[in-house]
Student: 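The structure follows.
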2 protein chains.
Amino acid sequence: MGTSLRDVARLAGVSVKTVSNVVNGYAHVSPATRAKVEGALSQLDYRPNLSARNLRQGRTGMIALALPELDAPYFAELSRCVIDAAAEHRWLVIIEQTGGGLERERRILDGVRDHHVDGLILSPVAVGAEELAARTDDTALVLLGERIYDGPADHVAIDNVRAAYDVTEHLIGLGRRRIAALGAQDDTASGTAPLRLAGYREALAAHGLPETVVKVDRYQRAEGAAAMTRLLASPEPPDAVFCFNDLLALGAMRTALAAGLRVPEDVALAGLDDIEDGRYSTPTLTTIAPDKNQLARIAVDLLKQRIDGHTARPPQEFTAGYHLIARESTMGGGLSRGVG
Amino acid sequence: MGTSLRDVARLAGVSVKTVSNVVNGYAHVSPATRAKVEGALSQLDYRPNLSARNLRQGRTGMIALALPELDAPYFAELSRCVIDAAAEHRWLVIIEQTGGGLERERRILDGVRDHHVDGLILSPVAVGAEELAARTDDTALVLLGERIYDGPADHVAIDNVRAAYDVTEHLIGLGRRRIAALGAQDDTASGTAPLRLAGYREALAAHGLPETVVKVDRYQRAEGAAAMTRLLASPEPPDAVFCFNDLLALGAMRTALAAGLRVPEDVALAGLDDIEDGRYSTPTLTTIAPDKNQLARIAVDLLKQRIDGHTARPPQEFTAGYHLIARESTMGGGLSRGVG
DNA sequence: CAACGTTGTTTCAACGTTGTAAACAGGTGC
DNA sequence: GCACCTGTTTACAACGTTGAAACAACGTTG
């Protein structure tokens, strides 16, 4: 359908390969022919056929980004960063949604060849280290956002243990003593939940405080709301809750306010992710802000290295930065409270 | 790199084309050879090379979805629906972010051929009807979510005028009399803003009520917050505000609560989009819920028709359903109020 | 001036797939 | 035995591109 090199070559009166050379910026083309060819190129409005180019070169110029759900704000924001970072390498990004399920994560790991992307950035939830090690596909792979010990692939994340420690210590520093953790998960070996839990425990232990842990199935508002209901029903409700992500925190906040509690006076709340919602909730949400752009950039750059063939290098761990943002849900100063 | 038809053919002792026939489910293959070939296929774990197939067939099996920003919750949720709907046709989706800018929208319209996607679903913001009509690319195109009059492409959206009318009437029905509209835009001919404004005006006119209109540049929380500040500073502040999308409403809510107002007692707020955030804000947000799945499905199906060659059909308009969800930000019953 | 390197251009083959058309086998009917 | 089906399989070419190698024209060097 579109114009091909053949058409351009015919019009310019040169060979197909010469046109190809001009298109690809090959050095040794005489100014005269180059001018001729470029004239023909723009006259016919030539666009290279990527399928053909990819077939010839064995590359597709596309990478896949597989994450649990696009409509979780954290992942949407992260996706945006990845797409932007990939654009710098002239890569297109195909987004796959795993739903956090083992079955679909497996299918994606296994089916990368189907789509013929050059590489895959996976934000794993269910899949574990041995699964990963056993995969037959040798497409470049980078893991994003979870820690899989001794995994067979490069990995980027923030230091989840330290981040959780920092949040907990922030709450302790504000004088809170009954600090609950909301967001633990049924003991999956992988995942960030155990790491965040570890950081929380370390901080409490360092100050000799007791721990309260509430589990959830998924990191969604509804789960946060439900878990908070359980917490408030306990004989000694917490005076602070560290939620393992912002969505849980926003759900918990909804429950607390609806129950007539003041946030943070009666109960302080903190999350992790720094999604935009938390900047506009009432009260605004204290959180850990991972450097999403850095995460995305490192992931993309690592993938690029793998794809370009530096595959000899053993899998490595990379850590992106984060910082604590103290807002009204712990510091107060906001004007919200429940109707007592 | 991967196994090709050639390898499978060699192993099965048949021709390449026979393997191709088996892979593609061609009817006239004897059970014996089919069995042989299928054995070889699974033994070698064959996966078709999409680049080659696409080159041969002139199709890529991918569509592009171009929208302003992936990290606006409405678009993230919509993307999810589009990806799911596209998956039913075995299409992959490449997401392009326009930032709502004219320049990038133009580049995408013009550059579709670069990526060699089979079709494009565009959620236009800046680009107008005449731009669209002038485009040289003949790739299948469906417009999503905005109304471009007499556009040269199929178009899907909800009935924005009626939706805005419904929200406004909802507010009137609750006894509000000073109802402001938040979210008008500098007179761009295209876009949904004029439509929503029209619906708002119709409803007010039907009840002989005065109008107050506040403009914003972008549909983001921060703009909603700022615009609300301006509204509250006026001599006669509104007792209800219809925000043209949920993000604006959440920003406005933040400002109202921070100013010590009770929502909805002092000022009722309504939005449009039904993003998840609004179900967990305090108070929860009254809104119009467009049927996002239906929007996505219609858009994808239309694109499929265009791609499959029913191009003779003139461009059409399609309307997806919506419904009003009355929540605490207008109905009350929530427990949130500012500190008076 | 012969051998050689450089620059500019072309020819050729191949990437993996599938549509077309043709070849082939095994019938049936006459 | 021949023409004629139907079902099954194959050879060939082509999609648009680019690496490798070949070639021609020229300037440099020994």
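Protein chains get the first letters and strands the later ones, always in sequence-line order, with residue 1 at the start of each.
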Student: Could you tell me how far apart A:Asp7 (CG) and D:dG16 (C1') are, to the nearest whole angstrom?
Tutor: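 Those two atoms, CG and C1', are 10 Å apart.
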Student: Figure out the NE2/P separation between A:His28 and D:dC26, and round it to whole Å.
Tutor: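 Rounded to whole Å, this separation is 18 Å.
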Student: So among A:Asp118, A:Asp301, A:Asp154, which one has a salt bridge (charged side-chain N to carboxylate O under 4.0 Å, His left out) with A:Arg306?
Tutor: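 The option that passes is A:Asp154.
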Student: Which of the following nucleotides, D:dT10, C:dT9, D:dT17, is nearest to the side chain of A:Val29?
Tutor: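 Side chain of A:Val29 sits closest to C:dT9.
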Student: Tell me the interatomic distance from B:Leu55, atom CG, to C:dC15, atom P, rounded to whole angstroms.
Tutor: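 Spelled out: CG on B:Leu55 to P on C:dC15 is 14 Å.
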Student: Atom CG of B:Leu5 and atom P of D:dT10: how far apart are they, to the nearest Å?
Tutor: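 The answer, rounded to whole Å, is 13 Å.
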Student: B:Ser4 near the nucleic acid: base, sugar-phosphate alone, or nothing, with a heavy-atom cut-off under 4.0 Å?
Tutor: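 Result for B:Ser4 = sugar-phosphate.
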Student: Kindly indicate, with the supporting measurements, whether the criterion side chain to side chain contact (heavy atoms under 4.5 Å, CB included) is fulfilled by B:Glu77 and B:Ile275.
Tutor: CA-CA 8 Å; B:Glu77 294 177 13; B:Ile275 62 178; 3.9 Å; yes
Student: What integer distance in Å separates A:Asn21:CG from C:dT11:P?
Tutor: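 For the pair A:Asn21 CG and C:dT11 P, the rounded distance is 13 Å.
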Student: If you check every side-chain atom of B:Arg53, which of C:dT11, D:dG16, C:dT17 has the closest atom?
Tutor: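 Minimum distance to the B:Arg53 side chain belongs to C:dT17.
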Student: Rounded to the nearest 0.5 Å, how far apart are CD1 of A:Ile298 and CG of A:Asp291?
Tutor: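 One finds 8.0 Å between CD1 of A:Ile298 and CG of A:Asp291.
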Student: Can you tell me the Watson-Crick or wobble partner of D:dA25, both distances under 3.5 angstrom?
Tutor: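 Here D:dA25 is engaged in a pair, and the nucleotide opposite it is C:dT6.
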Student: Would you kindly compare B:Arg56 and B:Gly13 by the position of their nearest DNA chain D nucleotide and give the one closer to the 5′ end?
Tutor: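 It is B:Gly13, whose closest nucleotide lies nearer the 5' terminus.
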Student: Using a heavy-atom cut-off of under 4.0 Å over every strand shown, decide if B:Thr33 touches base, sugar-phosphate, or nothing.
Tutor: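 Sugar-phosphate: the residue B:Thr33, judged by heavy atoms under 4.0 Å, touches backbone atoms but no base.
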Student: Is there a donor-acceptor contact under 3.5 Å linking the side chains of A:Arg104 and A:Gln97?
Tutor: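 Their side chains do not contain a donor-acceptor pair, so the 3.5 Å distance test is not met.
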Student: To the nearest Å, give me how far apart CZ (A:Arg10) and C1' (D:dG16) are.
Tutor: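 Roughly 13 Å, once rounded to whole Å.
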Student: Give one of base, sugar-phosphate or nothing for B:Val14, where a contact means two heavy atoms less than 4.0 Å apart.
Tutor: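 Answer is sugar-phosphate: B:Val14 comes under 4.0 Å of backbone atoms only.
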Student: Is there a side-chain contact between B:Ser30 and the phosphate of D:dT9, meaning an N or O under 4.0 Å from OP1 or OP2?
Tutor: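 Yes, such a contact exists.
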Student: Does D:dT10 have its OP1 or OP2 closer than 4.0 Å to a side-chain nitrogen or oxygen of B:Thr18?
Tutor: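 It does, given that an N or O in the side chain of B:Thr18 lies less than 4.0 Å from OP1 or OP2 of D:dT10.
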Student: Below the 4.0 Å mark, does C:dG16 have OP1 or OP2 next to a side-chain nitrogen or oxygen of B:Ser20?
Tutor: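 Looking at the OP1 and OP2 atoms of C:dG16, neither is under 4.0 Å from any side-chain N or O of B:Ser20.
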Student: Quickly work out the A:Asn24 CG to D:dT18 P distance and round it to whole Å.
Tutor: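 Spelled out: CG on A:Asn24 to P on D:dT18 is 5 Å.
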Student: CD of B:Gln57 to CG of B:Leu50: how many Å apart, nearest 0.5 Å?
Tutor: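 So the CD of B:Gln57 and the CG of B:Leu50 are separated by 10.0 Å.
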Student: If we call it a pair only when both distances are under 3.5 Å in a Watson-Crick or G-U wobble match, what pairs with C:dG27?
Tutor: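 Answer to the pairing question: D:dC4, which forms a Watson-Crick or G-U pair with C:dG27.
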Student: For D:dT10, does either OP1 or OP2 sit under 4.0 Å from a side-chain N or O belonging to B:Tyr26?
Tutor: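 Indeed not, no polar side-chain atom of B:Tyr26 lies that close.
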Student: Atom CG of A:Asn49 and atom P of C:dT17: how far apart are they, to the nearest Å?
Tutor: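 Atom CG in A:Asn49 sits about 17 Å away from atom P in C:dT17.
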